[in-house]
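Heads up: the structure comes next, in structure tokens.
Numbers restart at 1 for each chain; the letters A, B, ... are given by sequence-line order, proteins then strands. What's counted below: heavy atoms across the whole structure, side chains too, no hydrogens, waters or symmetry copies. Here the structure is a predicted model, which means the values were calculated and not measured.
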Protein chains: 2
Amino acid sequence: MNKQDQLNLIKDDFINSQKVLLAIGDETRQAILMVLMSTDCQTGLRVGEITEQTHLSRPAVSHHLKILRDAGVILMRKEGTKNFYYIDIRTKLGSLKNLVLDIETLLTKFY
Amino acid sequence: MNKQDQLNLIKDDFINSQKVLLAIGDETRQAILMVLMSTDCQTGLRVGEITEQTHLSRPAVSHHLKILRDAGVILMRKEGTKNFYYIDIRTKLGSLKNLVLDIETLLTKFY
DNA sequence: TTGAATAGTTTAAGTTAATGAACCATTGCT
DNA sequence: AGCAATGGTTCATTAACTTAAACTATTCAA
């Protein structure tokens with residue numbers, strides 16, 4: 001693994017994590033994520049419940065949940081008309097970890 | 001360390017890493033970072049050199065460098081009229097690492 | 001099959017961000 | 001002082017994002 005290989009890794013990491021970075025860089029979506037992580041409910045939260053625990057309107061919550069979902073940060077499960085949103089360890093947060101660790105490797109080993 | 005402590009950690013991580021997330025989530029700034037990391041020049045690159053290696057205008061490069069610098073992702077060194085930009089291991093990328101690792105801990109230990 | 005509950009979508013307005021042109025500031029050299 | 005090199009800043013335009021209101025779709029129960 002030379003420097004060029006490491007750079008190519010990082011280039012891919014950037015592509016894989018771009019949506020995640022933009023999704024969780026937004027203050028509003030960070031607040032939604034905090035609500036999702038704070039709940040004791042193991043089965044996830046519905047849009048209405050998240051709306052209650054934030055200062056946002058339901059369409060706004062729905063909008064931001066879609067962005068988080070498209071980025072692969074959160075997952076959704078349908079039950080009738082109810083949609084439950086939750087964070088999972090298997091989500092795209094792992095791609096962010098790769099990005100951080102690969103840059104760290106570059107800076108410590110190839111500089 | 002209980003779940004609430006871990007949540008408070010993550011809340012702080014979000015605050016500390018927000019600027020970094022927004023800064024490096026942008027495709028244009030990712031391209032600039034790749035140029036900075038790819039160079040063999042140990043002393044950093046000047047605005048003009050970065051402009052040459054991208055499809056961007058000089059004001060655009062200057063603008064994005066400022067955002068990266070405000071976020072603590074890159075550093076600058078002045079030499080006369082020349083400004084050299086570079087990435088350093090001691091930059092705010094560490095705050096991103098904390099964020100990722102703390103969320104990982106929450107999901108594995110407290111769920 | 002009608003009505004209530006839930007939530008996604010569309011639209012229009014307001015806000016913010018990115019861009020290039022033109023301009024300004026600083027440094028170093030003669 | 002005068003000039004060239006470098007690069008930051010301002011401004012106006014365009015593009016993108018965020019939001020709430022109104023609307024639509026789906027499911028479930030009576």
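- Within the 4.0 Å cut-off from OP1 or OP2 of C/dT6, not a single side-chain nitrogen or oxygen of A/Tyr85 is found.
- Between A/Thr51 and A/Ser57, the shortest heavy-atom contact is CG2-C, 4.1 Å.
- For DNA chain D, the span of nucleotides reached by chain A at under 4.0 Å from its heavy atoms goes, 5' to 3', from D/dT18 to D/dC28.
- Within residues 32-53 of chain B, no residue has any heavy atom under 4.0 Å from DNA chain C.
- Nearest heavy atom pair, residue A/Leu7 against residue B/Met34, reads O-CE, 3.4 Å.
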- Protein proximity profile, nucleotides 15-30 of chain C - base contact B, sugar-phosphate-only contact S, no contact -, cut-off 4.0 Å on heavy atoms: ---SBBB----BBS--
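- For the salt bridge (charged side-chain N to carboxylate O under 4.0 Å, His left out) test, residues two or more places apart in sequence or in another chain that qualify with A/Glu104 are B/Lys97.
- Nearest heavy atom pair, residue B/Leu9 against residue B/Met1, reads CD1-CE, 3.9 Å.
- Atom CG of A/Leu106 is separated from atom CG of A/Leu101 by 13.0 Å, given to the nearest 0.5 angstrom.
- B/Ser95 contributes atom OG, which lies 12.0 Å from atom CG of B/Asp12 (distance to the nearest 0.5 angstrom).
- Considering only side-chain N and O atoms, A/Asn83 lies nowhere under 4.0 angstrom from the phosphate OP1 or OP2 of C/dT6.
- Residues passing the side chain to side chain donor-acceptor pair (under 3.5 Å) test with A/Arg69: none are found, sequence neighbours excluded.
- Linking Ile, Leu, Val, Met, Phe, Trp and Tyr residues whenever their side-chain heavy atoms come within less than 4.5 Å leaves A/Leu93 and A/Ile15 in two separate clusters.
- Salt bridge B/Glu79/B/Arg77: present, at least one basic N to carboxylate O contact under 4.0 Å.
- Taken from CD in A/Gln30 to CE in A/Met37, the straight-line distance is 9.0 Å, to the nearest 0.5 Å.
- Considering every non-hydrogen atom in both A/Val47 and A/Tyr85, the closest pair reads CG2-CE1, 3.6 Å.
- Closest heavy-atom contact between A/Lys3 and B/Asp40: NZ-OD1, 4.3 Å.
- Between A/Thr91 and A/Leu75, the closest heavy-atom pair is CG2-CG, 4.1 Å.
- The rotation axes computed at either terminus of the helix from C/dT1-D/dA30 to C/dT30-D/dA1 lie 20° apart, taking five pairs at each end and rounding to 10 degrees.
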